[in-house]
Amino acid sequence: MTSRVTTAVLAALFATATPMLAHAQAAATTTAAQASASNAVNQSATRVLSALEARRAEFKANPAALNAFIKAEFTRSFDSNYAARLVLGTYGRGASDADVADFAAAMTDSLIARYGASLLDFNSKLQVKVKSETPLPGGRGVRVGTMMLRQGNQPIPVDYLLRQVGGQWKVFDVMIEGISYVQSFKNQFAAPLSQKSIRAVAADVRTGRLKANGNQPK
């Protein structure tokens, strides 16, 4: 991924849709929208935008408070363990839930530390239109297709992949301009995972020897 797209993908992950979706319009009726993935994306976006606008000065002065807010929203809206299993791929086969959760937590903390502040730089005037909500093959969930509208610039397609977890829609992948969060990190961690255990790779991420950035290793 390019640095610009990487930052956009990661920022989107922190709060399901980020402030960019604050102006998205759901096409479903009120009753249907209450149970739809599109509505879940919109609700999260509205909640996050309101908090960022109200607490922007506080967050700029106190990065720890910003990180705590992002982590709480990330935990609430993102299925990090399922996404981690997808990132691990074949290296996660037979892995314990504890090892996968450790890897997921290490990635989350690394991403928040490196990219969390980018949320404060997002332009809340951007408009994103929800274009579609379609089922994924095999009953794996749904894809919510959106278009990010930028004044004076070409629109950017952003898709969110969600699945039901305990009766709640949660994101497990984000695609910006066709670039998948899961696939990008799967590419990045393939080489380290071929040489070390999941726990060892997670430890390397925590210490900074490996940085979760979505770039393919050189």
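Residues take their numbers from the sequence shown, with the count starting at 1. Below, each value reflects all heavy atoms present in this structure, side chains not excepted, and no hydrogens, waters or symmetry copies.
Legend: residues meeting salt bridge (charged side-chain N to carboxylate O under 4.0 Å, His left out) with Asp204, ordered by chain and number and at least two apart, are Lys196, Arg209.
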**Study point:** From CA spacing to verdict: salt bridge (charged side-chain N to carboxylate O under 4.0 Å, His left out), Asp159, Lys131
**Key:** CA-CA 10 Å; Asp159 288 356; Lys131 302 287 288 184; over 6 Å; no
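Here the shortest heavy-atom pairing between Ser132 and Ser38 reads O-OG, 4.5 Å. For the pair Ile198 and Gly92, the tightest heavy-atom approach, listed with the atom from each and the gap, is CD1-CA, 4.2 Å. For Tyr91 against Ala190, the heavy-atom pair with the smallest separation is OH-O, 3.6 Å. The heavy-atom pair separating Trp169 from Ala40 by the smallest distance is CB-CB, 3.9 Å. In plain terms, the two heavy atoms of Glu133 and Ser36 that are nearest each other are OE1-CB, 3.6 Å. Across every non-hydrogen atom of Pro157 and Pro155, the tightest pair is CD-O, 4.0 Å.
Rounded to the nearest 0.5 Å, atoms CZ (Arg206) and CG (Asp102) are 4.0 Å apart. Between the CG atom of Leu111 and the OG1 atom of Thr108 there is a distance of 6.5 Å, given to the nearest 0.5 Å.
The closest side-chain heavy-atom distance from Leu161 to Leu136 is below 4.5 Å. The side-chain heavy atoms of Lys71 and Asp109, taken from C-beta on, include a pair separated by under 4.5 Å. Annotation: side chain of Tyr82 is not in contact with side chain of Val165 (no heavy-atom distance under 4.5 Å). Using a 4.5 Å heavy-atom cutoff, the side chains of Val201 and Leu210 are in contact.
A salt bridge is defined here as a Lys NZ or Arg NE, NH1 or NH2 lying under 4.0 Å from an Asp or Glu carboxylate O, and Asp79 with Arg85 fails to meet this definition.
Ring-plane geometry between Tyr181 and Phe185 is classed as tilted, the angle between the planes lying from 30 to 60 degrees on a 0 to 90 degree scale.
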